[in-house]
Every structure is written in structure tokens, then in C-alpha cells.
Peer 1: 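After the C-alpha cells below, expect a handful of questions from me.
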Amino acid sequence: SAGAAQAEPGSDHELRFADVVMDTDAHLVWRAGEPVSLTATEFRLLRLFLMNPGRVLAKSQILDHVWHYDFDGDSNVLETYISYLRRKVDADRPTGLIRTVRGVGYTIRAS
């Protein structure tokens, strides 16, 4: 049987961006064919980026979607998880996909 990485392109449980592939049903992620191990929160965060490629997401939007609450005050929890995600998804790569847009929020961009 074909592995999850061989899922039909564009199947509704698969999200792709650049060389990142996410199987939302199996809760699996690959970068350039290598498996990436994510916690549930990191997975939800990455899924939000993959569903909005190139779109700049405000910190408040991300907190609302990933943590499901209106966040008032310190957004360190988000910055912490962005750094965890970068360490895992963008590890050892000269150009990261997860970008900070100063004063606005974050986005996923290939270049």
C-alpha cells in the first residue's frame, strides 16, 4: 500500500507549500521528504500557515485560530511557538519559510 506521502496531490487532507507536505488526517508533516515531528499546537500553527500561503496573519488572528481565545496582552506564547516551529521546519536551511512581518504578524513564504 502507498505511504501517506504518496497521497493524491490536492487531496482534501493534504496541504502543500514549497517542499512542506502536511497530511491533516494522519497528523504527519514532511519537509523535503524528511518527517518533521510536531506537537499538537505546532501542528495547528503550521496548518494555519499552510491554509493561508503568502498571507500575512496578524498575531491576534493566529492566537484566535490556534489557541481559541481572544488574547489580550503578552503574545510571548506565540513567539515561543513560532521559534519552536522554525527550529523544526526551517532547521539548517539558509532561507526559512516562516517569516516575521514586523508590526503585523507572520506569514509563510517561499522567497
Side-chain angles (χ1 to χ4, degrees):
S1 67
Q6 309 303 315
E8 287 300 305
S11 64
D12 58 3
H13 59 89
E14 190 176 274
L15 296 169
R16 288 174 176 264
F17 184 81
D19 59 355
V20 176
V21 179
M22 171 181 278
D23 183 326
T24 56
D25 284 353
H27 256 247
L28 295 170
V29 176
W30 298 267
R31 174 95 199 248
E34 293 292 309
V36 179
S37 177
L38 300 179
T39 67
T41 302
E42 292 162 355
F43 187 90
R44 286 199 306 272
L45 184 56
L46 182 59
R47 184 177 61 196
L48 181 62
F49 285 128
L50 293 175
M51 289 172 75
N52 295 278
R55 234 179 102 201
V56 179
L57 301 170
K59 291 180 182 184
S60 58
Q61 266 180 301
I62 298 170
L63 286 161
D64 193 48
H65 278 86
V66 176
W67 281 270
H68 307 295
Y69 55 79
D70 294 324
F71 203 75
D72 190 26
D74 192 20
S75 65
N76 277 351
V77 65
L78 175 56
E79 275 139 34
T80 300
Y81 273 92
I82 291 284
S83 80
Y84 291 160
L85 200 55
R86 281 185 173 137
R87 211 172 301 157
K88 293 178 177 186
V89 174
D90 289 339
D92 307 322
R93 288 179 171 81
T95 309
L97 293 176
I98 299 158
R99 310 288 176 86
T100 302
V101 180
R102 296 219 176 280
V104 188
Y106 299 94
T107 187
I108 192 165
R109 274 193 195 136
S111 59

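Computed over heavy atoms, backbone and side chain alike; hydrogens, waters and symmetry mates excluded.
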Peer 1: Taking salt bridge (Lys or Arg N to Asp or Glu O under 4.0 Å) as the cut-off, I'd like each qualifying pair that reaches into residues 32-45, sequence neighbours left out, listed once.
Peer 2: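 Salt bridge (Lys or Arg N to Asp or Glu O under 4.0 Å) check on residues 32-45 returns E42-K88.
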Peer 1: What's the spacing between D23 CG and R16 CZ if we round to 0.5 Å?
Peer 2: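 Result: 10.5 Å between the selected atoms.
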Peer 1: How many angstroms lie between atom CZ of F17 and atom CE of M51, to the nearest 0.5 angstrom?
Peer 2: 15.0 Å
Peer 1: Ignoring hydrogens and angles, write down the donor-acceptor pairs under 3.5 Å from the side chains of residues 89-99, residues two or more places apart or on other chains.
Peer 2:
| from | atom 1 | to | atom 2 | distance (Å) |
| --- | --- | --- | --- | --- |
| D90 | OD1 | R31 | NH1 | 3.0 |
| D90 | OD1 | L97 | N | 3.0 |
| D90 | OD2 | L97 | N | 3.1 |
| D90 | OD2 | I98 | N | 3.2 |
| R93 | NH1 | A91 | O | 3.3 |
| R99 | NE | G96 | O | 2.7 |
| R99 | NH2 | G96 | O | 3.2 |

Peer 1: Can you list everything that forms a side chain to side chain contact (heavy atoms under 4.5 Å, CB included) with V104? Sequence neighbours excluded, please.
Peer 2: V56, V101
Peer 1: Just by distance, do the side chain of N52 and the backbone of R55 share a donor-acceptor pair under 3.5 Å?
Peer 2: no
Peer 1: Taking all atoms of both residues into account, what is the closest heavy-atom pair of L48 and I62, and its distance?
Peer 2: CD2-CA, 3.8 Å
Peer 1: According to ring-ring contact (aromatic ring centres under 6.0 Å, His included), who are the partners of Y81, at least two apart in sequence or on a separate chain?
Peer 2: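 Counting only residues at least two positions away or on another chain, Y81 forms a ring-ring contact (aromatic ring centres under 6.0 Å, His included) with W67, Y84.
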Peer 1: Rounded to the nearest 0.5 Å, what separates atom CD1 in I108 from atom CG in L85?
Peer 2: 8.0 Å
Peer 1: Which heavy atom of F43 sits nearest to which heavy atom of L28, and what is that distance?
Peer 2: CE1-N, 3.9 Å
Peer 1: Go through the steps to decide whether V77 and L63 satisfy the test side-chain contact (heavy atoms from CB on, under 4.5 Å), and finish with yes or no.
Peer 2: CA-CA 9 Å; V77 65; L63 286 161; 3.9 Å; yes
Peer 1: Within a strict 4.5 Å, meaning less than it, do heavy atoms of the L78 and I82 side chains meet?
Peer 2: yes
Peer 1: Determine whether Q61 and Y106 make a side-chain contact, defined as any pair of heavy atoms from C-beta on separated by less than 4.5 Å.
Peer 2: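 No; the side chains remain at least 4.5 Å from each other.
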Peer 1: Give, for atom CE of M22 and atom NE2 of H27, the distance between the pair rounded to the nearest 0.5 Å.
Peer 2: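 Taking CE in M22 and NE2 in H27, the distance rounds to 7.5 Å.
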Peer 1: Please identify each residue that fulfils side chain to side chain donor-acceptor pair (under 3.5 Å) with S83, with sequence neighbours left out.
Peer 2: none
Peer 1: The criterion is salt bridge (Lys or Arg N to Asp or Glu O under 4.0 Å); which residues satisfy it with R86, sequence neighbours excluded?
Peer 2: none
